[in-house]
Amino acid sequence: MLLYLQQLEQQVPVAEHMLVAIDHTAWGRADAKTLKDRTHEYQGGVILGQGYSTIAWIPEALRKLGITPAP
């Protein structure tokens, strides 16, 4: 996350308010043979699996037009 913010600071104009969208999805992997392949994830309850996260910067120009990422 820190690396992502450092990269954004180079791209986002100083006067602009920074808006980021974050999504986390858990994929169940109850049959994984080793503990390294799975963790306890929370999505509609606790499942054994892997978590995947996405973060995206939403430029102010797009927000003014009402354009946001699809859910």
Side-chain angles (χ1 to χ4, degrees):
M1 178 73 177
L2 186 57
L3 178 60
Y4 184 76
L5 288 174
Q6 290 170 351
Q7 290 174 350
L8 280 179
E9 287 174 354
Q10 296 172 1
Q11 298 175 19
V12 179
V14 176
E16 185 173 324
H17 177 76
M18 188 184 305
L19 175 68
V20 294
I22 301 171
D23 177 57
H24 179 81
T25 302
W27 288 40
R29 294 203 54 201
D31 296 332
K33 295 183 189 228
T34 64
L35 190 56
K36 283 185 172 183
D37 291 337
R38 61 184 180 185
T39 59
H40 289 88
E41 295 293 327
Y42 302 91
Q43 186 166 331
V46 178
I47 63 171
L48 291 176
Q50 288 184 318
Y52 297 91
S53 297
T54 303
I55 183 169
W57 164 52
I58 311 302
E60 188 171 345
L62 293 179
R63 287 184 273 150
K64 287 180 180 179
L65 295 173
I67 300 171
T68 58

Run the numbers on Leu48 and Arg29 for side-chain contact (heavy atoms from CB on, under 4.5 Å), then give the verdict. CA-CA 6 Å; Leu48 291 176; Arg29 294 203 54 201; over 6 Å; no
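Qualifying side-chain hydrogen bond (donor to acceptor under 3.5 Å, both in side chains) partners for Thr54, counting only residues two or more places apart in sequence or in other chains: none.
For Glu41 (side chain) and Ala26 (main-chain N/O), no donor-acceptor pair under 3.5 Å exists by modelled atom type.
The hydrophobic cluster containing Tyr42 also includes Val46, under a criterion of side-chain heavy atoms closer than 4.5 Å among ILVMFWY residues, counted directly or through chains of members.
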